[in-house]
Undergrad: 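What follows is a structure written as structure tokens; I'll ask about it next.
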Amino acid sequence: MSEPISALNHASYDGIARVKECGLQGMITLRGNLSDKVLIKAVKDATGQKMPGQREANVDGDTGVCWMSSDELLVLVPYAEVEAKLAAMNNALSSVHALAANVSDARAVFRVSGASGREVLGKLAPVELSVAAFQPGQIRRSRLAQVVGAFWMDDADTFRVVCFRSAAEYVFNLLKVAAQPGSEVGVY
């Protein structure tokens, strides 16, 4: 059996911000009633994190939970644990109307870090990224130029970006162009 590999094998670029493909990340899409106590407990058991509010991401390293819509979460777990976490989650959710699916190999994750990370993403997504409007622990599901994606901040200088694996090279190239030295616009 072949070993899984990430979309771009940890490709990276250094410009006004550092852009790096993060590698393998366990991801579970969970759909259901986000106020259901059974679902809330299943999320807490899988991640150790509390249920996020609207447009929130409760993430610590490679484990967490991100609000994606009024009935959808993105559950993050270590890649090696995703099948076990998914099985436990499906078992816990057997009595409620919910759907949990492993989407790990269908997604790519990038880290954009450095003081100009806001500028890099601000060039690509129609999202207000000022310090007053976007802080660590918040997430936005939006577009990155011509493709869909989502991003959140791990800390004041670090974003994580998720996109479909099929668009990984396109998104990496977008991020690289937006991070070109000398491309600062000084908005953030």
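Positions are given from 1, in the same order as the sequence printed here. The structure presented is a predicted model; accordingly, all values stated were derived computationally and were not measured.
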Undergrad: What heavy-atom pair brings Val112 and Gly117 nearest, and what distance separates the two atoms?
TA: CG1-CA, 4.0 Å
Undergrad: As a quick check of understanding, evaluate side chain to side chain contact (heavy atoms under 4.5 Å, CB included) for Val82 and Ile28, giving each step before the final call.
TA: CA-CA 8 Å; Val82 70; Ile28 299 167; 3.8 Å; yes
Undergrad: Would you say that Met51 contacts Leu73 through its side chain, given a criterion of any heavy-atom pair below 4.5 Å between the two side chains?
TA: yes
Undergrad: Is Glu119 close to Glu184 at the side-chain level, that is, under 4.5 Å between some pair of heavy atoms?
TA: yes
Undergrad: Return yes when atom OH of Tyr188 has more than 12 non-hydrogen atoms of other residues, nucleotides or ligands closer than 6.0 Å, and no otherwise.
TA: yes
Undergrad: Do Lys123 and Ser183 pair up side chain to side chain, a donor and an acceptor below 3.5 Å, judged on atom types alone?
TA: yes
Undergrad: Taking the side chain as C-beta and beyond, is there a heavy-atom pair between Thr29 and Asn102 under 4.5 Å?
TA: no
Undergrad: Is the ring centre of Phe134 less than 6.0 Å from the ring centre of Phe151?
TA: yes
Undergrad: Will you find, in the side chains of Tyr13 and Asn173, an N or O donor that is under 3.5 Å from an N or O acceptor?
TA: no
Undergrad: If you round to the nearest 0.5 Å, how far is OG of Ser142 from CG of Leu121?
TA: 10.0 Å
Undergrad: Less than 4.5 Å apart, any side-chain heavy atom of Phe110 and any of Lys20?
TA: no
Undergrad: Do you see a donor-acceptor pair shorter than 3.5 Å between the side chains of Asp71 and Ser69?
TA: yes
Undergrad: Would you indicate whether the side-chain heavy atoms of Arg165 and Arg107 approach each other to under 4.5 Å?
TA: no
Undergrad: Do Gln25 and Asp62 meet the criterion of a side-chain donor-acceptor pair at a distance under 3.5 Å?
TA: no
Undergrad: For Glu169, look at atom CD and say whether over 12 heavy atoms of other residues, nucleotides or ligands are found less than 6.0 Å away.
TA: no
Undergrad: So which atom in Asn90 and which in Ala100 form the shortest heavy-atom distance, rounded to 0.1 Å?
TA: OD1-CB, 3.5 Å
Undergrad: Would you call Ile139 and Met68 a side-chain contact if the rule is heavy atoms closer than 4.5 Å?
TA: yes
Undergrad: Restricting to non-hydrogen atoms, name the atom on Gln135 and the atom on Gln138 that form the minimum distance, rounded to 0.1 Å.
TA: N-OE1, 2.6 Å
Undergrad: Does atom CD of Gln146 have more than 12 heavy-atom neighbours from other groups under 6.0 Å away?
TA: no
Undergrad: For Leu39 versus Leu93, what's the shortest heavy-atom pair and its separation?
TA: CA-CD2, 3.6 Å
Undergrad: Tell me, do Ser104 and Leu24 make a side-chain contact under 4.5 Å, heavy atoms counted?
TA: no
Undergrad: Hey, are Asp60 and Thr63 close enough side-chain-wise for a donor-acceptor pair under 3.5 Å?
TA: no
Undergrad: Does Trp67 reach the side chain of Arg141, with side-chain heavy atoms less than 4.5 Å apart?
TA: no
Undergrad: Can a donor-acceptor pair be found between the side chains of Ser6 and Glu21 at a distance below 3.5 Å?
TA: yes
Undergrad: Do you know the tightest heavy-atom contact between Val120 and Ala17?
TA: CG2-CB, 3.8 Å
